[in-house]
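As the structure is a prediction and not an experimental result, all values here were calculated from the model. For the single chain, residues carry numbers from 1 onward in sequence order.
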Amino acid sequence: LSERRANPADLARTLRLPSWRADKVMRHARQVPGRLSLAWVRQLQRIDAQVKTGAIDDAAALRSFARRAALDIASLSR
């Protein structure tokens, strides 16, 4: 988001979010390095494929992803 110089109004319109929420999303997104965001997208793509093939449980996989993402964020602030 920050690399594309997006603004909250564009994001709100694109994602159909209230403007205050789009602003909050953008503020948080700027704190996450692009490489980490890309890694998360790739992990979510793998989870999606595994869920669709029945290899893993969706809720458990998303909980696990969320825990790992939280640890990633915590390690940024150290």
Side-chain angles (χ1 to χ4, degrees):
L1 291 171
S2 61
E3 293 170 5
R4 294 181 63 201
R5 305 285 184 238
N7 64 55
D10 291 340
L11 184 66
R13 191 171 31 262
T14 301
L15 299 180
R16 296 184 180 134
L17 295 172
S19 59
W20 64 268
R21 177 158 288 184
D23 183 57
K24 188 174 182 177
V25 166
M26 289 193 72
R27 279 187 279 120
H28 287 286
R30 287 185 183 114
Q31 297 173 1
V32 178
R35 62 179 167 67
L36 183 55
S37 297
L38 184 57
W40 288 345
V41 168
R42 288 181 177 149
Q43 289 172 9
L44 288 168
Q45 287 172 327
R46 283 192 294 274
I47 289 170
D48 183 55
Q50 291 175 323
V51 166
K52 287 178 178 175
T53 61
I56 59 174
D57 174 64
D58 58 347
L62 290 174
R63 279 193 301 273
S64 177
F65 170 80
R67 280 193 294 272
R68 285 191 311 268
L71 291 172
D72 290 341
I73 294 296
S75 70
L76 291 175
S77 62
R78 292 182 193 159

Report, one line per pair, each donor and acceptor closer than 3.5 Å where one atom sits in a side chain of residues 33-45; sequence neighbours left out.
| residue | atom | partner | partner atom | Å |
| --- | --- | --- | --- | --- |
| Trp40 | NE1 | Asp72 | OD2 | 2.9 |

Euclidean distance, Arg63 CZ relative to Asp57 CG, rounded to 0.5 Å = 6.5 Å

inquiry  = Could you report the tightest heavy-atom contact between Asp10 and Arg13, atom names first, then the distance?
reply    = OD1-NH2, 2.6 Å

request  = Grab the two heavy atoms, one from Ala12 and one from Ser19, that are nearest each other, plus how far apart they are.
outcome  = CB-CA, 4.1 Å

note = In terms of heavy-atom contacts, Ile73 and Val32 come closest through CD1-CG2, 3.7 Å

remark   = Scanning both residues in full, the closest heavy-atom pair of Leu76 with Gln31 reads CD1-O, 4.0 Å

key: Over 12 non-hydrogen atoms of neighbours within 6.0 angstrom of CZ in Arg68   = yes

ask   = Going only through I, L, V, M, F, W and Y residues with side-chain contacts under 4.5 Å, is there a path from Leu17 to Met26?
value = yes

request  = Considering non-hydrogen atoms only, spot the tightest contact between Ala22 and Pro8 and give its length.
outcome  = CB-O, 3.5 Å

